[in-house]
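Here is the structure we will look at.
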2 protein chains.
Amino acid sequence: MLRMSRSSGGYHHGNLHVALEDAALELLETTSAAKISLREVARRAGVSHNAPYHHFGDRAALLGALGVRGMAALLDAQEKAVAAAEGPVERVRALGLAYVRYAAAHPQAFSLVFDPDYCAAGSPSAGMAPLIARNEELLGSEVAALVREPGYEGRDPMALSAALWSTVHGMAQLITLGHLPLEAAEPALHALVQ
Amino acid sequence: MLRMSRSSGGYHHGNLHVALEDAALELLETTSAAKISLREVARRAGVSHNAPYHHFGDRAALLGALGVRGMAALLDAQEKAVAAAEGPVERVRALGLAYVRYAAAHPQAFSLVFDPDYCAAGSPSAGMAPLIARNEELLGSEVAALVREPGYEGRDPMALSAALWSTVHGMAQLITLGHLPLEAAEPALHALVQ
DNA sequence: CTCCAATGTTGGCAGTGTCCACTTTCTTGA
DNA sequence: TCAAGAAAGTGGACACTGCCAACATTGGAG
């Protein structure tokens, strides 16, 4: 039988893997990934400093798992925004705005997703690469629809996708850093895709 | 008289402040800022693990100083590129390309400059804010010239500046992460400023 | 020439990541 | 049904880190 919580007082936690991720995710709301310690996470989960090693190979693996969660949420936000928008132009803008808004709402998580020390290309944290690929496909298909619109015919979809991702990613970054106000995002996007 | 090097064997180094920055900068070429330890820097400078505290308040201060150096270099690269270009459109593109190329050439330094744990808005590391301001002025004046060109009249310079900085910053980020090839930068920039 | 502030030094503390050996519990197959 | 092994917990240890305190050396100002 599955023991779901530790409140029943057993030696085994029963759900520690996700409990650790949850605890770390909570810390990630107020602390940058670099400053999150495995021992503090273990403490929060009410478990010894070594228990995490039975669920994650090392600190980077736990942070990596968090990054995958973050990327999934980021992708989800974009998909929902695209589904709710109407025309091709509006859909591209909605996608970009969702990207930026997710970053603004969860700056540490967003930053973790693109932190090469834990997530990006460097580490093969299972599950991250497919999510990035899906994100690229999502953007690619929206841009493909966009370049069939009047005013966009003949634009190179690849270059446009790259430019859009860059813009949106840079806006996300600059906004979370305080160099740009969140309100600047929509006008800047309109300047680019009008 | 000023003792410039330690090779003369004195108890005092004579130039430790910059020697520490140099050693750290060397480490920064192969290691992310988060993984650079003050003690390792001290070792490289041939000095005890506590000497750095007489020149930098703490680890973040040393990394912050490195960030200022990095930002100065980034700004310099842009200024030189702008000076070497001819028309207003070309100048904006050259500026952006210089930004991206600096990031590609010094990924860790670039990343440090925009790492809120050491540099960005959060910490008042003397010297960083004015450099950022100068960079914004540089971009602003080039964009101001751009919007007087045929095809750009009536564009909001503020929104355009924000969009350009975002694009270029995002490209820099995505390229250093390996999500975009460096060769994608120029076409994407042309797609944006044509 | 003498003192002192700047700049070095060693030693120590608390916190961290990770390895090891051990204990407790769950599961599973004879 | 029950013994045995796997899974999941425990504490201890080690090397490393940032930083603090106390002490040593030295160059320069008076």
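So that the names make sense, note that chain A is the first sequence line, chain B the second, and so on, each numbered from 1.
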>> If you compare every side-chain N and O of Ser48(B) against the phosphate oxygens of dG8(C) (OP1, OP2), does one of them come in below 4.0 Å?
In response: no

>> Rounding to an integer number of Å, can you tell me how far Lys35(B) NZ sits from dT17(D) C1'?
In response: 15 Å

> What about Arg39(B), does its side chain sit under 3.5 Å from the base of dG18(D) through a donor-acceptor pair?
Replying inline: yes

>> Is there a side-chain contact between Arg43(B) and the phosphate of dT17(D), meaning an N or O under 4.0 Å from OP1 or OP2?
In response: yes

> Taking atom P of dC19(D) as reference, at what distance in whole Å does atom CZ of Phe56(B) sit?
Replying inline: 13 Å

> When the distance from NE2 of His54(A) to C1' of dC22(C) is rounded to whole Å, what number comes out?
Replying inline: 11 Å

> Which of these nucleotides, dG9(D), dT16(C), dG8(C), is closest to any side-chain atom of Ser37(A)?
Replying inline: dT16(C)

>> What's the closest nucleotide to the side chain of Val47(A) if the choices are dG9(D), dT18(C), dT9(C)?
In response: dG9(D)

> When the distance from NE2 of His13(B) to C1' of dA24(D) is rounded to whole Å, what number comes out?
Replying inline: 18 Å

> Nearest of dT10(D), dC19(D), dT9(C) to any side-chain atom of Ala51(B)?
Replying inline: dT9(C)

> Tell me: CD of Glu40(B) to P of dT17(D), nearest whole Å?
Replying inline: 7 Å

> Tell me: CG of Leu38(A) to P of dC19(C), nearest whole Å?
Replying inline: 12 Å

> Around atom CD of Glu86(A), are there more than 12 heavy atoms of other residues, nucleotides or ligands at under 6.0 Å?
Replying inline: no

>> Between P on dC19(D) and CG on Leu62(B), what's the gap in Å once rounded to a whole number?
In response: 11 Å

>> Heavy atoms from C-beta onward define the side chain here; which of dG9(D), dT16(C), dC19(D) lies closest to that of Asp58(B)?
In response: dC19(D)

> Taking atom CZ of Arg101(B) as the centre, does the number of heavy atoms from other residues, nucleotides or ligands within less than 6.0 Å exceed 12?
Replying inline: no

>> Are Met128(A) and Val18(A) connected into the same hydrophobic cluster when the rule is that any two of I, L, V, M, F, W, Y join if their side-chain heavy atoms are below 4.5 Å apart?
In response: no

> Would you find more than 12 non-hydrogen atoms of other residues, nucleotides or ligands less than 6.0 Å from Glu90(A) atom CD?
Replying inline: yes

> Between dG17(C), dC20(D), dT9(C), which one does the side chain of Asn50(B) approach most closely?
Replying inline: dC20(D)

>> Looking at the base of dG15(C), is there any donor atom on it, or on the side chain of His49(A), that sits under 3.5 Å from an acceptor on the other one?
In response: no

> Nearest-Å distance, NE2 (His17(A)) to P (dG9(D))?
Replying inline: 12 Å

> Just by distance, do the side chain of Ser166(B) and the backbone of Ala162(B) share a donor-acceptor pair under 3.5 Å?
Replying inline: yes

